[in-house]
Colleague: 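First the structure, which I've put down as structure tokens, then a few questions once you've had a look.
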Amino acid sequence: MRSRDIIMVILIVTFLFFSVITYADNEDFSSLSIEELMDIEVISATKDLKIRHEAPASVFVITDEQIYDRGYQSVGEALQSVNGIYVLYDYIQYNVGVRGVNAGLQAWSQPIKIMIDGQSVSFRLTGQNFLGPELIPIETIKRIEIIRGPYSALYGANAFLGVVNIITKKGIKKSKFGIGGGITQQKHEMYDGSFLFGDSWNNGSFLISAERGFWDRSGLSPKDIPGSDTYQLSAKSKNDISRPQSVYLNLEYGLSDSATITINGSFENLDNHAVFSDWSVLSDKNRVHLKNQYIRASFIQTFFKQWQLLSSLAYMQAEIGNNEYIKMDGNDIWLSREGGTKSIDAQAELSYSRWNVFRPKVGLDFTRDYQNLPTIYYNHDDRPPMIKGEILEDKIFQNFGLYLHNEILPLGLFFDDVDKKWISTLGVRYDYHNQYEDVINYRIDNVIQFSSLLFVKLLHGTSFKSPAPTQLFVKTPIIAGGVIGNEQLQPEKAHSNELALGGFFKKLYWEMNVFQTIINDKVEYLESGRISNSIPQNISEIHTNGIDGQFVYKSDSVSGFINISLQKSKQSKQNIILKNVEYDTRLYPQYMIKSGFVFLPY
């Protein structure tokens with residue numbers, strides 16, 4: 001027996017052992033009814049807990065039960081099931097598009113805002129987002145809340161086409177440890193290990209979890225697009241290794257019945273060989289290594305039973321890792337990068353929750369990013385590294401945001417005893433940034449509940465996507481024909497209109513969304529004339545119209561979903577002779593049907 005096979009047998013036996021000993025302590029997934037499953041409370045739409053159908057947004061929820069039943073291994077995998085979202089994966093990072101719009105190759109989910117318990121966790125140097133196992137241990141997730149549509153009126157920059165908020169588990173008594181291993185279809189090793197420990201007491205709770213994997217994905221073959229003959233049928237990837245690592249911790253302590261302090265943080269380590277990178281397909285040397293981490297302290301104080309003050313302070317750090325390796329030709333020289341970001345985020349929010357008609361909330365936040373822009377090095381085994389191009393001056397990015405969010409019960413103007421049959425929400429936000437123009441965004445939403453069989457949502461909102469530091473200031477492209485910065489770049493802007501209808505029918509939940517989205521000042525990359533390098537410019541516009549549908553069924557013996565999406569997106573821009581050109585958007589299908597079913601044991 002070969003040594004590799006012996007290792008796999010040991011791993012599989014160990015996995016089975018720990019499955020029996022420790023997974024017996026697994027969470028008891030209760031048999032929720034369809035109403036309980038689909039009408040759970042969500043927090044992302046207003047920053048207050050609300051029943052899902054009352055939330056003034058198009059909210060899709062993936063629960064921990066669904067993650068467990070469907071076998072999702074990462075947030076990126078889970079998002080593939082969402083209607084109105086299309087996920088690409090280049091075996092480096094996930095690239096999410098929303099309702100007909102994808103930001104392009106190497107955008108890596110820039111059009112959406114990713115948060116963990118309300119804390120933004122983007123890689124701020126480039127604006128990209130982690131969505132693989134490196135983001136957060138999957139066992140830590142209580143639910144994933146996905147908002148489709150512009151949401152900058154509440155969350156500011158980069159809540160552009162959607163928001164993904166990962167809500168973690170709290171207040172649990174649980175310990176769990178697992179080791180898994182196996183062999184891929186291409187007969188290569190894969191294994192991972194994880195643990196979770198949580199405890200709670202009268203006035204507090206604690207949770208820590210970690211996950212680390214090693215996956216050899218070698219043996220995969222690239223496929224030609226129709227009409228192309230680029231790759232040989234025998235071409236296969238080699239040395240295609242992924243080493244994701246993530247850690248999460250949360251400590252919550254009740255100072256009194258009305259005051260709570262929470263400390264949480266995460267560490268994210270993305271370390272993937274870039275065999276299918278667009279700059280050098282099937283190279284077995286290229287490797288992308290990025291690190292991201294934060295620690296946050298937040299404080300909630302309730303006073304007079306009606307007022308609530310929330311404040312938080314967070315420190316974030318992102319950096320390009322030491323294992324990065326970029327090679328584009330057959331010589332002995334390779335490239336590496338050095339750079340990162342150190343950030344401070346501060347927030348304060350005051351809300352009032354007992355008025356019969358108006359329920360206002362006012363907040364302000366401040367972000368300061370110290371951007372150490374990337375320096376590129378030539379590397380050789382026999383010589384010290386040499387700088388490619390120039391060393392860029394560090395930049396300070398500062399943003400001050402002020403927002404007002406008001407929930408109105410119109411029937412409360414006429415009746416004292418008012419339920420929530422009709423809820424109107426008005427929100428406005430002002431963002432001042434020291435590197436680009438000021439931005440104002442707003443939302444106007446109405447939610448009407450006719451009965452348990454039917455609700456209606458009328459949604460209108462705006463948003464913006466800020467230019468990333470690398471889009472503004474990078475002067476030396478990492479590859480020939482790459483991107484150089486444009487200091488005149490301005491935020492991309494979007495606004496949308498949406499009608500949502502939904503309700504329950506016996507054991508079926510259904511929801512249909514009709515939407516229109518318009519994006520202005522869309523960034524496109526044009527040749528600059530300097531060795532065919534590209535420069536980003538605000539020259540494009542996108543018009544999208546479409547329908548999303550969600551159908552969820554659950555009985556005692558089976559649960560399942562069918563999600564549909566139909567959209568038509570047109571992009572227009574001026575060409576080099578200033579003539580307007582219109583074409584279909586790229587990297588997004590016009591039709592999608594997604595489905596999944598789980599048969600439950602009796």
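In what follows, every heavy atom counts, from backbone to side chain, and hydrogens, waters and symmetry copies are set aside.
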Colleague: For Tyr91 and His273, does a side-chain donor sit closer than 3.5 Å to a side-chain acceptor?
Modeller: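 Note: Tyr91 and His273 side chains miss the donor-acceptor criterion.
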Colleague: Can you give me the closest heavy-atom contact between Arg296 and Asp117, atom names plus distance?
Modeller: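 Residues Arg296 and Asp117, closest heavy atoms: NH2-O, 3.0 Å.
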Colleague: When you check the side-chain N and O atoms of Asn95 and Asp90, is any donor under 3.5 Å from an acceptor?
Modeller: no
Colleague: Kindly check if the number of other-residue, nucleotide or ligand heavy atoms within 6.0 Å of CD1 (Ile593) is above 12?
Modeller: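 Open.
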Colleague: Checking Leu409 against Arg359 for the side chain to side chain contact (heavy atoms under 4.5 Å, CB included) test, could you report, in this order, the C-alpha distance in whole Å, the side-chain angles of both residues, the deciding distance, and whether it holds?
Modeller: CA-CA 9 Å; Leu409 303 179; Arg359 297 178 179 178; 3.6 Å; yes
Colleague: Does a side-chain N-to-carboxylate-O contact under 4.0 Å join Arg429 and Asp365?
Modeller: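 A salt bridge links Arg429 with Asp365.
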Colleague: Under the rule for side-chain contact (heavy atoms from CB on, under 4.5 Å), what residues qualify as partners of Ser496, not counting sequence neighbours?
Modeller: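 In terms of side-chain contact (heavy atoms from CB on, under 4.5 Å), with neighbours along the sequence ignored, Ser496 is linked to Pro150, Thr517.
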Colleague: Do Ile112 and Ile146 come close enough that some side-chain heavy atom pair is under 4.5 Å?
Modeller: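 Answer no - side chains too far apart.
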Colleague: Just wondering, do Val456 and Phe450 contact through their side chains at under 4.5 Å, heavy atoms?
Modeller: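 In contact.
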Colleague: Got a second to check how far Thr262's OG1 is from Leu251's CG, nearest 0.5 Å?
Modeller: 8.0 Å
Colleague: Is there a donor-acceptor pair under 3.5 Å between the side chain of Glu139 and the backbone N or O of Pro137?
Modeller: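 Judged by distance alone, no pair lies under 3.5 Å.
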Colleague: Ignoring hydrogens and angles, tell me if any N or O in the side chain of Gln245 forms a donor-acceptor pair with the backbone of Arg243 under 3.5 Å.
Modeller: no
Colleague: Has the side chain of Asp64 got a donor or acceptor atom that lies under 3.5 Å from a matching backbone atom of Ile67?
Modeller: no
Colleague: Can Trp108 and Thr126 be said to form a side chain to side chain contact (heavy atoms under 4.5 Å, CB included), step by step?
Modeller: CA-CA 10 Å; Trp108 291 323; Thr126 61; over 6 Å; no
Colleague: I'd like to know if the side chain of Gln119 pairs up with that of Asp345 as donor and acceptor (distance under 3.5 Å, no hydrogens or angles considered).
Modeller: yes
Colleague: Between Gln110 and Glu492, does a side chain to side chain contact (heavy atoms under 4.5 Å, CB included) hold up when you go through it step by step?
Modeller: CA-CA 12 Å; Gln110 290 181 12; Glu492 302 175 50; over 6 Å; no
Colleague: His53 and side-chain hydrogen bond (donor to acceptor under 3.5 Å, both in side chains): which single residue from Lys457, Glu511, Gln449 fits?
Modeller: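 The single option meeting the side-chain hydrogen bond (donor to acceptor under 3.5 Å, both in side chains) with His53 is Gln449.
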Colleague: Within this structure, what is the CG-CD1 distance for the pair Leu454 and Ile448, rounded to the nearest 0.5 Å?
Modeller: 9.5 Å
Colleague: Let me confirm one number: the CD1-CG distance from Ile114 to Asn292, rounded to the nearest 0.5 Å.
Modeller: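 Interatomic distance, Ile114 CD1 to Asn292 CG, rounded to 0.5 Å: 12.0 Å.
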Colleague: Donor-acceptor check, side chain of Asn545 to backbone of Gln516, threshold 3.5 angstrom: yes or no?
Modeller: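 It does not hold such a pair.
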Colleague: Return the CZ to CG distance between Phe197 and Leu207, rounded to the nearest 0.5 Å.
Modeller: 9.0 Å
Colleague: Evaluate the side chain to side chain contact (heavy atoms under 4.5 Å, CB included) criterion for residues Asp548 and Ile564: first the C-alpha distance (whole Å), next the side-chain angles of each, then the deciding distance (0.1 Å), finally the verdict.
Modeller: CA-CA 6 Å; Asp548 296 331; Ile564 62 172; over 6 Å; no
Colleague: Do Pro244 and Phe130 come within less than 4.5 Å of each other through their side chains, counting heavy atoms only?
Modeller: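 Heavy-atom side-chain distance check fails, nothing below 4.5 Å.
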Colleague: Provide the closest heavy-atom pair for Lys169 versus Ile141 in the form atom of the first, atom of the second, distance.
Modeller: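 It is CE-O, 3.3 Å.
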Colleague: Do Asn264 and Tyr294 touch side chain to side chain, with heavy atoms closer than 4.5 Å?
Modeller: yes
Colleague: Arg443 side chain to Thr425 main-chain N or O, any donor-acceptor pair under 3.5 Å?
Modeller: no
Colleague: Any donor-acceptor pair under 3.5 Å linking the side-chain atoms of Asn441 with those of Ser152?
Modeller: no
Colleague: Would you call Asp584 and Lys568 a salt bridge, using N to O less than 4.0 angstrom?
Modeller: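 Looking at Asp584 and Lys568, the cut-off is met.
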Colleague: Under 4.0 Å between a Lys/Arg side-chain N and an Asp/Glu carboxylate O for Glu349 and Lys47?
Modeller: yes
Colleague: Can you tell me how far CZ of Arg99 sits from CD1 of Ile85, rounded to the nearest 0.5 angstrom?
Modeller: 9.0 Å
Colleague: Between the main-chain N or O of Ile92 and the side-chain N or O of Asn272, is there a donor-acceptor pair closer than 3.5 Å?
Modeller: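 Side chain of Asn272 to backbone of Ile92, a donor-acceptor pair under 3.5 Å: yes, one is there.
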Colleague: Are Asn563 and Val82 side-chain neighbours, meaning at least one heavy-atom pair lies under 4.5 Å?
Modeller: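 Of all side-chain heavy-atom pairs linking Val82 with Asn563, none is under 4.5 Å.
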Colleague: Which heavy atom of Phe464 sits nearest a heavy atom of Pro491, and at what distance?
Modeller: CD1-CB, 3.8 Å
Colleague: Just by distance, with hydrogens left out, do Tyr248 and Thr168 show a side-chain donor and acceptor under 3.5 Å apart?
Modeller: yes
Colleague: Between Phe160 and Ala494, which heavy-atom pair has the shortest distance, and what is it?
Modeller: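 Shortest heavy-atom separation between Phe160 and Ala494 comes out as CE1-CB, 3.6 Å.
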Colleague: When rounded to the nearest 0.5 angstrom, what distance separates CZ in Phe515 from CG in Asn497?
Modeller: 12.0 Å
Colleague: So do Val59 and Lys50 actually touch side chain to side chain, heavy atoms under 4.5 Å?
Modeller: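 No. Closest side-chain heavy atoms not under 4.5 Å.
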Colleague: Taking Leu135's backbone N and O only, do any of them form a donor-acceptor pair with Ser246's side chain (distance below 3.5 Å, no angle check)?
Modeller: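 Looks like no, no N/O pair under 3.5 Å.
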Colleague: Which heavy atom of Ile138 sits nearest a heavy atom of Val75, and at what distance?
Modeller: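 Heavy atoms of Ile138 and Val75 come nearest at CD1-N, 4.4 Å.
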Colleague: Is it true that Ser312 and Ser298 share a donor-acceptor pair across their side chains at a distance under 3.5 Å?
Modeller: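 Per modelled atom types, Ser298 and Ser312 side chains form no pair under 3.5 Å.
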Colleague: Under the criterion ring pair (Phe, Tyr, Trp, His ring centres under 6.0 Å), which of Phe60, Phe504, Tyr553 is the partner of Tyr509?
Modeller: Phe504
Colleague: Which pairs count as side-chain hydrogen bond (donor to acceptor under 3.5 Å, both in side chains) when at least one residue sits in residues 75-87, sequence neighbours excluded?
Modeller: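 Those involving residues 75-87 are Tyr72-Ser81, Asn83-Arg148.
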Colleague: Are the side chain of Ser74 and the backbone of Pro133 linked by a donor-acceptor contact shorter than 3.5 Å?
Modeller: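 Not confirmed, Ser74 side chain does not pair with Pro133 backbone.
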Colleague: Give the minimum heavy-atom separation between Ala103 and Pro111, together with the two atoms involved.
Modeller: CB-CG, 3.7 Å
Colleague: Any side-chain donor paired with an acceptor under 3.5 Å for Asn129 and Ser122?
Modeller: no
Colleague: From the options Lys554, Lys142, Arg70, select the one residue that forms a salt bridge (charged side-chain N to carboxylate O under 4.0 Å, His left out) with Glu65.
Modeller: Lys554
Colleague: Do the side-chain N and O atoms of Glu268 and Ser266 include a donor-acceptor pair separated by under 3.5 angstrom?
Modeller: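 The answer is yes; a qualifying pair exists.
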Colleague: Checking side-chain polar atoms at under 3.5 Å, does Thr585 have a donor or acceptor matched by the opposite partner on Asn102?
Modeller: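 Distance-only check fails for Thr585 and Asn102.
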Colleague: Counting neighbours of CZ on Phe597 that are heavy atoms of other residues, nucleotides or ligands and sit closer than 6.0 Å, is the number greater than 12?
Modeller: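 Enclosed.
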Colleague: Can you see whether His289 engages Asn269 through a side-chain donor-acceptor pair at a distance of less than 3.5 angstrom?
Modeller: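 On atom types as modelled, these side chains qualify, holding a pair under 3.5 Å.
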Colleague: Donor-acceptor check, side chain of Thr63 to backbone of Arg143, threshold 3.5 angstrom: yes or no?
Modeller: no
Colleague: Side chains of Arg217 and Phe276: closer than 4.5 Å at any heavy-atom pair?
Modeller: no
Colleague: Quick check: does any side chain N or O of Lys507 sit under 3.5 Å from a backbone N or O of Ile34, one acting as donor and the other as acceptor?
Modeller: no
Colleague: Quick one: are Lys113 and Tyr151 in side-chain contact, heavy atoms under 4.5 Å?
Modeller: no
